[in-house]
A.B. asks: 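Below you'll find the structure I mean.
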Amino acid sequence: MSELEIGQDGGVLTVLFNRPEARNAMTFAMYEGLEEACARADDDESVRVLVLRGAGGRAFVAGTDIAQFLDFGRGELTSGEDGIAYEARIERVVNRLEDVTVPTVAAVEGACVGGGLALAAACDLRIATTSSRFGVPIARTLGNCLSMNSYSLLVHHLGPGRTLDMLLRARLLSADDAHAAGFVGEVVPDGELDPALTSLVETLLGHAPLSMRAAGQAVARLRRASLPDGDDLVREVFGSADFRAGVQAFVDRGQVSWTGR
């Protein structure tokens, strides 16, 4: 079984994040596979809808695999520059997903956090089960930060007030909270995601492809029209002792005392 499975049923291309034992935390290879799926969705005229979902029922995607951060600062780059390179990589994948020319749907069960929240936010539509949770609790876990592109996605969907409340308090939004904010279009009872997803996809398959393409691309262009640089923020945070301590504590299941350095 691959950690990322891509399958097609009629006009629907489905990407399954398949690391249920790790709550589908993303490896770099999985990010690359998602990019390849995006290219297939654009290049194959038989594909009319792209669906993203997680295996196991406990998570859509629970962020990036944290073990990959342990090597930051150990090579030629400092940890700050590693952070810039990492966030640039995530930005490339997120924007590629946002630029897919067929409608994209994130079907969420369980945890949709960190990088998973960014992937869901880059989709055109989101549907979720009642027990799903959404957030980026890095202020109490790793002590890192996001790229300006990811902050923009959150503010775009949630507004600045709700985004800051979620990030500073490191809290997770319930499915109902996310629906009330307009982030999730539909919330369904646990165990009923598949029929709701089928109904949504059937609706999309019956609509005008060029109209939907124009709408999705217009919204993406508006979001990214005046995006400022944020490398200085990423460099400072990823290069900090706090970040290194946060990663080690997360991996060791320990506690960290934040110093602000």
A.B. asks: Looking only at non-hydrogen atoms, find the nearest pair between G56 and P20 and report the distance.
C.D. replies: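 Shortest heavy-atom contact: CA-CB, 4.1 Å.
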A.B. asks: For Q8, look at atom CD and say whether over 12 heavy atoms of other residues, nucleotides or ligands are found less than 6.0 Å away.
C.D. replies: yes
A.B. asks: Side chains of E32 and V93: does their closest heavy-atom pair fall under 4.5 Å?
C.D. replies: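 Of all side-chain heavy-atom pairs linking V93 with E32, none is under 4.5 Å.
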A.B. asks: Any link between L168 and L158 through a network of hydrophobic side chains (Ile, Leu, Val, Met, Phe, Trp, Tyr) touching at under 4.5 Å?
C.D. replies: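 L168 clusters together with L158.
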A.B. asks: Could you tell me the separation between the CG atom of L142 and the CD1 atom of I66, rounded to the nearest 0.5 Å?
C.D. replies: 4.5 Å
A.B. asks: Before accepting this row, confirm whether a basic side-chain N of the pair R169/D165 lies closer than 4.0 Å to the acidic partner's carboxylate O.
C.D. replies: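 Looking at R169 and D165, the cut-off is met.
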A.B. asks: Are M30 and V51 connected into the same hydrophobic cluster when the rule is that any two of I, L, V, M, F, W, Y join if their side-chain heavy atoms are below 4.5 Å apart?
C.D. replies: no
A.B. asks: Can you see which heavy atom on C123 is nearest to which on T104, and at what distance?
C.D. replies: CA-OG1, 3.3 Å
A.B. asks: Name the residue from Q217, R223, R221 that meets the side-chain hydrogen bond (donor to acceptor under 3.5 Å, both in side chains) definition with E98.
C.D. replies: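 Single pass found, and it is R223.
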A.B. asks: Are there over 12 heavy-atom neighbours, none belonging to E45, within less than 6.0 Å of that residue's CD?
C.D. replies: no
A.B. asks: Strictly distance-based, threshold 3.5 Å: is any side-chain N or O of T163 a donor or acceptor partner for the main-chain N or O of L154?
C.D. replies: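 It does hold such a pair.
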A.B. asks: In the structure I gave you, are the side-chain heavy atoms of M166 and L117 within less than 4.5 Å of one another anywhere?
C.D. replies: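 Touching, per the 4.5 Å side-chain cut-off.
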A.B. asks: When you measure from the side chain of R126 to the backbone N and O of A106, does any donor-acceptor pair fall under 3.5 Å?
C.D. replies: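 Side chain of R126 to backbone of A106: no pair is present.
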A.B. asks: Begin from the C-alpha positions of V219 and H156 and carry the test side chain to side chain contact (heavy atoms under 4.5 Å, CB included) through to its verdict.
C.D. replies: CA-CA 10 Å; V219 170; H156 173 75; 3.6 Å; yes
A.B. asks: Side-chain contact, heavy-atom cut-off 4.5 Å: V100 with D124?
C.D. replies: no
A.B. asks: Do R89 and F28 form a cation-pi contact, if we require the NZ or CZ to be under 6.0 Å from the six-membered ring centre and within 45 degrees of the ring's axis?
C.D. replies: yes
A.B. asks: State plainly whether one hydrophobic cluster holds both I90 and Y151, where clusters connect Ile, Leu, Val, Met, Phe, Trp and Tyr through side-chain heavy atoms under 4.5 angstrom apart.
C.D. replies: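 Yes, I90 and Y151 fall within the same hydrophobic cluster.
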A.B. asks: So, the side chain of D242 versus the backbone of V237: is there a donor-acceptor pair under 3.5 Å, distance only?
C.D. replies: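 It does not hold such a pair.
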A.B. asks: Keeping S199 on the side-chain end and A196 on the backbone end, is there a donor-acceptor pair under 3.5 Å?
C.D. replies: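 Flag not set: sc S199 to bb A196 has no pair under 3.5 Å.
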A.B. asks: Charged N to carboxylate O below 4.0 Å: is that the case for R58 and E109?
C.D. replies: no
A.B. asks: Can you tell me how far the OG atom of S147 sits from the CZ atom of R92, to the nearest 0.5 Å?
C.D. replies: 12.5 Å
A.B. asks: I need the N144 CG to S240 OG distance, nearest 0.5 Å.
C.D. replies: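 Rounded to the nearest 0.5 Å, the CG-OG separation comes to 9.0 Å.
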A.B. asks: Set out, in order, the CA-CA distance, both residues' side-chain angles and the distance that settles side chain to side chain contact (heavy atoms under 4.5 Å, CB included) for L119 and F17, then state yes or no.
C.D. replies: CA-CA 12 Å; L119 294 178; F17 304 114; 4.2 Å; yes
A.B. asks: Side chains of L167 and V136, heavy atoms from C-beta outward: is any pair under 4.5 Å?
C.D. replies: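 Counting from C-beta outward, L167 and V136 do come under 4.5 Å.
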A.B. asks: Are side-chain heavy atoms of M148 and L233 found at a separation under 4.5 Å?
C.D. replies: yes
A.B. asks: For R244 and G239, indicate whether the former's side chain and the latter's backbone hold a donor-acceptor pair under 3.5 Å.
C.D. replies: yes
A.B. asks: How long is the span from the CZ atom in F69 to the OG atom in S79, to the nearest 0.5 Å?
C.D. replies: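 Those atoms lie 12.0 Å apart.
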A.B. asks: Going by heavy atoms in the side chains, are R40 and V15 under 4.5 Å from each other?
C.D. replies: no
A.B. asks: Tell me whether L125 shares a hydrophobic cluster with F60, the cluster being built from Ile, Leu, Val, Met, Phe, Trp, Tyr side chains joined at under 4.5 Å.
C.D. replies: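 They do not share one cluster, since no chain of ILVMFWY contacts under 4.5 Å joins L125 to F60.
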A.B. asks: Drop me the distance from E21's CD to E3's CD, to the nearest 0.5 angstrom.
C.D. replies: 7.0 Å
A.B. asks: Is a donor on one side and an acceptor on the other found under 3.5 Å between the side chain of N18 and the backbone of S2?
C.D. replies: yes
A.B. asks: Is it true that a side-chain atom of N24 and a backbone atom of R19 form a donor plus acceptor pair closer than 3.5 Å?
C.D. replies: yes
A.B. asks: Let me check something: any side-chain donor-acceptor pairs from residues 209-216 under 3.5 Å, sequence neighbours excluded? List them with distances.
C.D. replies:
unit_1	atom_1	unit_2	atom_2	d
R213	NE	T101	O	3.4

A.B. asks: Would you find a donor on one side and an acceptor on the other, under 3.5 Å apart, between the side chain of T130 and the backbone of V188?
C.D. replies: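 Confirmed, T130 side chain pairs with V188 backbone.
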A.B. asks: Within a strict 4.5 Å, meaning less than it, do heavy atoms of the L205 and V12 side chains meet?
C.D. replies: yes
A.B. asks: Just wondering, are more than 12 heavy atoms of other shown residues or ligands nearer than 6.0 Å to CZ in R23?
C.D. replies: no
A.B. asks: Show the nearest heavy-atom pair for residues A62 and A25, with the distance to one decimal.
C.D. replies: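 For A62 and A25, the tightest heavy-atom pair comes out as O-CB, 4.1 Å.
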A.B. asks: Closest heavy-atom contact between F243 and F238?
C.D. replies: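 So the two residues come closest at CD2-O, 3.3 Å.
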A.B. asks: Hey, is the main chain of L172 close enough, under 3.5 Å, to the side chain of R133 for a donor-acceptor pair?
C.D. replies: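 Side chain of R133 to backbone of L172: no pair is present.
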A.B. asks: If you draw a 6.0 Å radius around CG in D9, do more than 12 non-hydrogen atoms from other residues or ligands fall strictly inside?
C.D. replies: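 Atom CG in D9 is not packed in, count stays at 12 or less.
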A.B. asks: Quick check: do V113 and F134 have side-chain heavy atoms less than 4.5 Å from each other?
C.D. replies: no
A.B. asks: For V102 and L13, what are the C-alpha separation, side-chain angles and deciding distance, and is it a side chain to side chain contact (heavy atoms under 4.5 Å, CB included)?
C.D. replies: CA-CA 10 Å; V102 300; L13 186 68; over 6 Å; no
A.B. asks: Give me the atom names and distance for the closest heavy-atom approach of V94 to N149.
C.D. replies: CG1-ND2, 4.0 Å
A.B. asks: For S46 and D44, test the side chains for any donor-to-acceptor distance below 3.5 angstrom and give the result as yes or no.
C.D. replies: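 There is such a pair (donor and acceptor under 3.5 Å, judged by atom type) between the side chains of S46 and D44.
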A.B. asks: Is there a side chain to side chain contact (heavy atoms under 4.5 Å, CB included) between T129 and E192 once you walk through the steps?
C.D. replies: CA-CA 8 Å; T129 57; E192 296 185 18; over 6 Å; no
A.B. asks: Looking at every non-hydrogen atom in both residues, tell me the closest pair between A122 and L97 and how far apart they are.
C.D. replies: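 The answer is CB-CD2, 3.9 Å.
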A.B. asks: Would L50 and L193 show up in the same hydrophobic cluster when neighbours are defined by side-chain heavy atoms closer than 4.5 Å?
C.D. replies: no
A.B. asks: For the backbone of M26 and the side chain of T64, can you confirm whether one donor and one acceptor N or O come within less than 3.5 Å of each other?
C.D. replies: no
A.B. asks: Quick check for you: to the nearest 0.5 Å, what is the distance between L52 atom CG and C38 atom SG?
C.D. replies: 7.0 Å
